[in-house]
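Comments concern the structure below.
Positions are given from 1 along the sequence.
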Amino acid sequence: MHNLILAQSSSDGGGSLATLLIFVVGLGALFWFLIIRPQRNQLRRHRELLSSLELGDRIYTRGGIVGIVRTMDDDTVTVETGDGVRLEVLRGAIASKVPPSGGGAT
């Protein structure tokens, strides 16, 4: 009787290892599709935004500043926020471009 139980236990060990391997691979795939892939896409879109910046674009910064791009270099952008008020911000701090409005006021 004990030999029969031991024989069944040893045959289940291989199945549980395969099940564990499938579970780990599935968990890795889920992690990839829910966390890593969207983060890479967001980083790609941000790089495209930064490369498409032009002088005169209205932008938002991550700090909530809205202004017009006046000068650019490799690392920084000078943003005019009001009459003669210019701020130098890092390129990475730019969150998005302000969508053009129908009113035409800049």
Side-chain angles (χ1 to χ4, degrees):
M1 182 76 156
H2 293 290
N3 291 339
L4 181 60
I5 293 172
L6 291 175
Q8 287 178 349
S9 297
S10 66
S11 68
D12 288 341
S16 66
L17 181 62
T19 304
L20 178 64
L21 183 63
I22 290 171
F23 177 74
V24 169
V25 168
L27 193 60
L30 184 66
F31 184 76
W32 172 264
F33 283 108
L34 292 179
I35 296 174
I36 295 173
R37 188 170 167 254
Q39 188 175 17
R40 283 188 176 183
N41 288 338
Q42 182 180 12
L43 183 61
R44 179 186 47 81
R45 285 191 305 268
H46 190 249
R47 284 184 185 150
E48 289 172 358
L49 166 73
L50 295 180
S51 67
S52 72
L53 279 180
E54 296 177 359
L55 298 179
D57 284 343
R58 289 182 50 96
I59 54 116
Y60 291 121
T61 67
R62 294 182 191 267
I65 297 170
V66 180
I68 300 171
V69 175
R70 292 300 178 199
T71 63
M72 294 186 292
D73 64 19
D74 291 339
D75 298 325
T76 60
V77 175
T78 302
V79 179
E80 185 175 343
T81 59
D83 292 331
V85 178
R86 292 185 179 212
L87 302 172
E88 188 173 5
V89 298
L90 294 174
R91 274 184 176 259
I94 297 172
S96 66
K97 290 183 183 180
V98 176
S101 62
T106 54

Taking every heavy atom of Asp75 against every heavy atom of Asp73, the minimum-distance pair comes out as N-OD1, 3.1 Å
Do other residues, nucleotides or ligands put more than 12 heavy atoms under 6.0 Å from the CZ atom of Arg37?
no
Check the hydrophobic clustering (I, L, V, M, F, W, Y; side-chain heavy atoms under 4.5 Å; chains of links allowed) and say if Leu30 and Phe33 are grouped together. yes
Mind checking whether Ile36 and Leu34 sit in one hydrophobic cluster, side chains of I, L, V, M, F, W, Y counted as touching below 4.5 Å? yes
- prompt: Sub-3.5 Å donor-acceptor pair from the side chain of Arg70 to the main-chain atoms of Arg86, do we have one?
  reply: no
Tell me, yes or no, whether the heavy-atom count around Arg62 atom CZ, taken from other residues, nucleotides or ligands under 6.0 Å, exceeds 12.
yes
Contact check, side chains of His46 and Gln42, non-hydrogen atoms, under 4.5 Å: no
message: So for atom CD, which belongs to Glu48, do other residues, nucleotides or ligands contribute more than 12 heavy atoms lying within a distance under 6.0 Å?
response: yes
Rounded to the nearest 0.5 angstrom, the CG-CD1 distance for Leu55 and Ile68 is 11.5 Å
Output for pair (Thr76 OG1, Leu87 CG), nearest 0.5 Å, gives 12.0 Å
Closest heavy-atom pair, Val69 versus Val77, reported as atoms and distance to 0.1 Å, is CG1-CG1, 3.7 Å
- Would Trp32 end up clustered with Ile35 when hydrophobic side chains under 4.5 Å apart are linked, directly or stepwise? yes
For Arg44, is the CZ atom crowded, meaning more than 12 foreign heavy atoms sit under 6.0 Å from it? yes
Handout entry: Any side-chain heavy-atom pair of Lys97 and Leu53 under 4.5 Å
Key = yes
| task | Group every Ile, Leu, Val, Met, Phe, Trp and Tyr by side-chain heavy-atom contacts under 4.5 Å, then state whether Leu90 and Tyr60 land in the same group. | result | no
